[in-house]
Amino acid sequence: MLSFFSNQIDRQKDVSNEEKTLTNLEKSDGSQFPGDDYRPSDRKNWMAGLTLEKLTLNKIVWPGTHDSATNDIGIPLISRPLAECQSLSIYEQLVLGTRVLDIRVQEDRQICHGILTSYEIDVVIDDVIRFLSETHSEIVILEIRTEFGHKDPPGFETYLADKLGQFLIHQDDSLFNKPVSEILPKRVICIWKPRESPKPSRGGILWNSDYLKDNWIDTDLPWTKFQSNLKHLSEQQPTSSRKFFYRVENTVTPQADNPVVWVKPVTDRIRKHARLFISQCVSKGCGDKLQILSTDFIEGDFVDACVGLTHARIEGKV
């Protein structure tokens with residue numbers, strides 16, 4: 001028993017030390033980067049506010065959300081704090097400026113995070129369609145995967161094609177170098193990641209797992225995650241020569257050996273350092289490699305930071 005409590009205390013010290021490391025880095029190096037002072041006049045239409053003829057897919061720094069559809073998961077005040085990664089609905093996230101959604105489903109088409117569930121996938125799709133109907137130039141990456149430990153929903157590829165058909169951007173490697181103006185009016189890159197069913201074929205209406213990659217490490221230590229994110233990003237090709245989307249998740253996740261297990265206080269250890277991460281990317285020569293940056297509990301300043309670097313790329317400042 002004494003050993004258990006001792007380990008808990010040591011883990012908290014580790015967390016505290018890593019939080020101090022990030023805070024000290026921000027004090028010493030700052031969090032400035034090209035475009036850091038840019039603010040879109042309308043986050044709901046931030047792509048439309050840029051020069052669409054110059055805005056190629058590979059110049060966009062895509063603001064994304066991690067476990068996007070967890071705002072209504074579990075039981076309030078009981079299990080919800082253990083799994084809730086976003087407090088806004090899918091529609092509200094898109095209006096705020098989110099352009100990459102991370103959706104987890106189980107066999108009955110319910111949204112899930114582990115063993116906890118929220119609403120049906122129809123709620124997500126309806127929110128996406130509502131947003132698309134209210135905008136004209138915003139492109140959304142919709143990643144849907146079967147959650148670990150669950151089976152694929154039957155007939156799901158057909159379901160997605162039927163629901164989103166008019167908006168879907170067919171998979172095509174040449175699209176990465178094309179400006180948004182030439183891709184419109186199609187608006188959705190839908191990436192379907194089944195666990196057991198055959199993955200979508202190249203050139204089809206849906207994109208497969210080859211086109212969205214990341215290097216996830218499961219930790220609640222913010223400096224450890226920050227360093228891992230930088231290391232793996234540095235190993236990637238520049239976005240100008242990449243034929244897939246690469247995601248960096250500015251998140252940390254609760255661990256069983258730490259007394260703090262609610263998502264919000266844990267992920268806040270790194271969430272506030274998004275601008276520092278972008279600044280470090282640029283200063284370490286990775287500014288042309290950052291593509292998708294995802295977060296828990298997305299806020300406007302996070303969106304502004306991603307859009308600011310995007311604007312700087314269009315202006316040739318990165």
**Q** Quick one, Thr56 with Asn177, criterion side chain to side chain contact (heavy atoms under 4.5 Å, CB included). Give me CA distance, side-chain angles, the key distance, then yes/no.
**A** CA-CA 6 Å; Thr56 55; Asn177 296 308; 5.6 Å; no

**Q** With rounding to the nearest 0.5 angstrom, report the CH2 to OG distance, Trp216 to Ser228.
**A**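 Nearest 0.5 Å value for the CH2-OG distance: 10.5 Å.
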
**Q** Salt bridge or not for Glu138 and Arg99, using N-O below 4.0 Å?
**A**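 Yes, Glu138 and Arg99 are salt-bridged.
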
**Q** Let me confirm one number: the CG-CZ distance from Leu290 to Arg313, rounded to the nearest 0.5 Å.
**A**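 So the gap between those two atoms works out to 6.0 Å.
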
**Q** State, without any angle test, whether Gln86 and Thr65 hold a side-chain donor-acceptor pair at a distance under 3.5 Å.
**A**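 The answer is no; no qualifying pair exists.
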
**Q** Take the angle between the ring planes of Phe156 and Tyr159 and call it parallel below 30°, perpendicular above 60°, tilted in between.
**A**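 Because their plane-to-plane angle is under 30°, the rings of Phe156 and Tyr159 count as parallel.
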
**Q** Taking atom types as modelled and ignoring hydrogens, do the side chains of Asp218 and Gln255 form a donor-acceptor contact shorter than 3.5 angstrom?
**A**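 Note: Asp218 and Gln255 side chains meet the donor-acceptor criterion.
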
**Q** Please report the interatomic distance CG(Leu101) to CD1(Ile144), rounded to the nearest 0.5 Å.
**A**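 So the gap between those two atoms works out to 9.0 Å.
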
**Q** For the pair Trp207 (side chain) and Ile169 (backbone), establish whether a donor and an acceptor sit closer than 3.5 Å, ignoring hydrogens and angles.
**A**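 Yes, because the side chain of Trp207 sits within donor-acceptor range (under 3.5 Å) of the backbone of Ile169.
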
**Q** So that I can tick it off, tell me whether Arg271 and Asp268 are bridged by a salt bridge, with the cut-off set at under 4.0 angstrom between side-chain N and carboxylate O.
**A**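 Here Asp268 pairs with Arg271 in a salt bridge, since their nearest N and O are under 4.0 Å apart.
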
**Q** Under 3.5 Å, is there a donor on one side chain and an acceptor on the other for Asp102 and His66?
**A**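 Distance-only check fails for Asp102 and His66.
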
**Q** Check the side chains of Arg242 and Gln236 for a donor-acceptor pair under 3.5 angstrom, ignoring hydrogens and angles.
**A**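 No, because no side-chain N or O of Gln236 sits under 3.5 Å from a partner of the opposite role on Arg242.
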
**Q** If you measure from NZ on Lys243 to CG on Leu175, what distance do you get to the nearest 0.5 Å?
**A**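 If we round to the nearest 0.5 Å, Lys243:NZ and Leu175:CG are 9.0 Å apart.
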
**Q** Testing Leu206, Leu164, Ile191 for side-chain contact (heavy atoms from CB on, under 4.5 Å) with Leu142, which one passes?
**A**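 Testing each of Leu206, Leu164, Ile191 against Leu142, the sole residue satisfying side-chain contact (heavy atoms from CB on, under 4.5 Å) is Leu164.
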
**Q** Is Lys213 reaching over with its side chain to a backbone N or O of Phe245, donor-acceptor style, under 3.5 angstrom?
**A**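 It does not hold such a pair.
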
**Q** Quick check: is Val15 connected to Leu22 through a chain of hydrophobic side chains (ILVMFWY, heavy atoms under 4.5 Å apart)?
**A**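 Different clusters.
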
**Q** Per the side-chain contact (heavy atoms from CB on, under 4.5 Å) rule, which among Asp72, Leu116, Val263, Ile75 passes with Arg80?
**A**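 Testing each of Asp72, Leu116, Val263, Ile75 against Arg80, the sole residue satisfying side-chain contact (heavy atoms from CB on, under 4.5 Å) is Asp72.
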
**Q** Would you compute the distance between atom NZ of Lys151 and atom CG of Asp108 and round it to the nearest 0.5 angstrom?
**A**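 Between Lys151 NZ and Asp108 CG, I get 12.5 Å after rounding to 0.5 Å.
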
**Q** Within the distance-only criterion (no hydrogens, no angle test), does the side chain of Ser209 pair as donor or acceptor with the backbone N or O of Lys199 below 3.5 angstrom?
**A**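 Between the backbone of Lys199 and the side chain of Ser209 there is no qualifying donor-acceptor contact (under 3.5 Å).
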
**Q** Does Arg11 reach the main-chain N or O of Asn258 with its side chain, forming a donor-acceptor pair under 3.5 Å?
**A**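 Not a single qualifying donor-acceptor pair exists.
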
**Q** Between Tyr91 and Asp126, do the side chains contain a donor N or O and an acceptor N or O under 3.5 Å apart?
**A**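 No, Tyr91 and Asp126 have no side-chain donor paired with an acceptor closer than 3.5 Å.
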
**Q** Between the side chain of Lys225 and the main-chain N/O of Thr251, is any donor-acceptor distance below 3.5 Å?
**A**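 Yes.
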
**Q** Just verifying a value: how many Å separate Thr253 OG1 and Asp220 CG, rounded to the nearest 0.5 Å?
**A**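 Reported to 0.5 Å precision, the distance equals 7.0 Å.
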
